[in-house]
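The analysis underlying the following values was restricted to heavy atoms, covering all of them including side chains, and did not include hydrogens, waters or symmetry mates. Predicted model, so just to flag it, every value in this text is computed and none were measured.
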Amino acid sequence: MFPETAQRLKAAAPLVSQTRLLKDLSRLYPHGGAFSLQSRRQISVSGCLSAKIQPPRKPREPVEIPGLEMVTYGERMHFVPGLAKPRYPRWERDYKDPRYYTAPPAQEMPLYKEKPCHVFNQRTSALEGVRQAAWLTKAKVIPGLPPHLLSLAENPENQIPDQDERVQNAIKHARFWDTTQERPRKEKYSNTLLLNLLHLCATLQSRNPAIGRRILAEDHSLAATWTRGDDLFQIRGRNGLLHTSMDPLPEVSGKDEVSQTADYVLETFYPVSPTIDLQQVNVYKEDVNCSGFTGDYPYPHAHTLYFLETTDSCKLRPEQFRAKMVMFTFGNALARAHKLYGTEPQQLLDRPVTVQAVGTNGRIFQFLVFQLNTTDLSGDDGIKNQLWLEDDVELYDFAKVRPLIKKKQVKVPAGLTGYKPEVFTKFLSLYLHGAA
């Protein structure tokens, strides 16, 4: 019978693949017959072919009987069958060797605290994005950039000679010329494009001497602490590229507009917790506030933060990327406010702290302006901070090394297409803020 034949083939060739076995059976029984569901159920593949991972073995628990000592081969100094393996106490070195260091339990560390702290870092992917960041920073989100800020680059005196042509050459340099490969990686051309645009903006220093009172700082550490409700929050991590200045940025909105924010109701996202996706730690320092620079640093004021989207393991979606921009911009403003006014919460700052941010992936830009009006962040009432955000602005449509052809028709030509000059105008407006 057919089931017996299948069993013989399977026993004779246990390592034959399933496909080959099915072909042999189909030759024997071309019209089906008993070659049906029952025979298929009896065909299987060995564990090595199906790539099954065996579960790890559970270690044996040593049995200790009170009043009974194990007979070991420790005194004989060699293995003896039938005798138990000796257990020696852990050898402690009389010197410090970092290769063999084992950290003590968290409860035994001197910085351990019962109250947890929620930490936001560069890898944090906030579920609710900008809404969650606005609640954590007690900020009112205003779409678009302030009109008087955009008017800075519209002034003919603040424009670069042959501006559109030079910006397009900067894009072509980043996408086509600065590589020996057919297609450069995103990390390379986005960083090259950002530096090219900053270099173009710096050519206006002869007209605006205040630009010379700035400097670029890269990969400096930031730490800021605040309380929101009953929870403790901290921002830690490296900033990326930061434009620092000798002079602080002027405030974007006046006192009347700041006082009107007291009537604004913060948007909530119940039942999702505001602390979702934040790292929760019990070993931390309280009241940590550090801008990353020493007290005598000549450029203490943060001007603009520049963020680049990465394609590594910590890549964030666009909404979470904007939330990271908001949090680190707020962290720089808060660290500076604590340096100027102390760590005690203040309902209204004498002079608000303003910090800007620009994020890009080499084609799409995000623009952000944050004004810190208060450091009293515990409750939802009172004065709110202000946040201006313009997201997903495309500098150009395509930058193709080869044309895109479909059905013998050129859909996208080779080279740079769809350049939008108004996007660079916004980039230049943020750069000239505080100098023009």
Side-chain angles (χ1 to χ4, degrees), residues 130 143-145 147 149-156 158-204 240-241 304-312 315-322 324-325 356-369 388-432:
V130 177
L145 296 177
L149 188 60
L150 296 175
S151 62
L152 295 176
E154 296 175 358
N155 188 356
N158 294 330
Q159 294 183 357
I160 305 172
D162 301 329
Q163 178 172 301
D164 294 341
E165 180 182 357
R166 297 177 70 178
V167 173
Q168 293 183 54
N169 288 336
I171 299 173
K172 294 176 183 178
H173 173 257
R175 296 301 302 264
F176 307 135
W177 304 337
D178 187 31
T179 181
T180 57
Q181 305 173 356
E182 285 192 12
R183 183 179 180 182
R185 299 180 61 190
K186 181 181 290 187
E187 295 91 341
K188 181 175 179 60
Y189 71 73
S190 59
N191 183 52
T192 304
L193 177 59
L194 178 60
L195 296 179
N196 289 346
L197 297 182
L198 289 175
H199 178 73
L200 277 180
C201 297
T203 58
L204 296 174
L241 190 63
T304 306
L305 283 84
Y306 298 98
F307 297 87
L308 296 175
E309 289 189 15
T310 58
T311 57
D312 54 4
K315 180 182 178 181
L316 302 177
R317 295 184 295 273
E319 184 68 17
Q320 283 67 34
F321 179 71
R322 289 188 288 268
K324 184 179 78 169
M325 292 176 55
Q356 304 172 154
V358 176
T360 180
N361 64 349
R363 189 179 74 90
I364 302 176
F365 281 75
Q366 325 280 344
F367 299 105
L368 170 68
V369 180
W388 291 267
L389 177 63
E390 186 158 354
D391 55 350
D392 294 339
V393 186
E394 297 180 355
L395 181 61
Y396 55 92
D397 291 336
F398 298 99
K400 295 288 186 181
V401 179
R402 297 179 180 178
L404 179 62
I405 301 175
K406 288 186 177 181
K407 296 182 180 180
K408 298 183 180 181
Q409 292 184 358
V410 179
K411 299 296 184 180
V412 180
L416 179 65
T417 56
Y419 168 68
K420 300 176 178 59
E422 64 275 5
V423 179
F424 178 74
T425 303
K426 299 174 183 178
F427 184 91
L428 182 60
S429 299
L430 295 184
Y431 188 90
L432 293 175

Identify the heavy atoms of [X] and [Y] that sit nearest to each other, and give their distance.
X	Y	value
Y189	R175	CD1-CD, 3.4 Å
D397	R363	O-NH1, 3.5 Å
L197	V167	CD2-CG1, 4.2 Å
L150	K426	CD2-CG, 3.8 Å
K188	D178	CE-O, 3.0 Å
F307	A357	CE1-CB, 4.1 Å

Min side-chain heavy-atom separation [X]-[Y] under 4.5 Å:
X	Y	answer
L241	L194	yes
N191	Y306	no
L395	F427	no
Y431	L152	no
L428	N158	no
R166	T203	yes
N169	W177	yes
R322	L368	no

Below 3.5 Å, can you tabulate the donor-acceptor pairs from side chains in residues 398-419 to any protein atom, sequence neighbours excluded?
unit_1, atom_1, unit_2, atom_2, d
R402, NH2, E182, OE2, 3.4

Would you give the length of the straight line joining atom [atom1] of [X] to atom [atom2] of [Y], rounded to the nearest 0.5 angstrom?
X	Y	atom1	atom2	result
F365	D392	CZ	CG	12.5 Å
Q159	F424	CD	CZ	10.0 Å
L308	K186	CG	NZ	11.0 Å
T425	K420	OG1	NZ	13.5 Å
L316	M325	CG	CE	12.0 Å
I364	S190	CD1	OG	12.5 Å

*E187/R185 salt bridge by N-O under 4.0 Å criterion*: yes
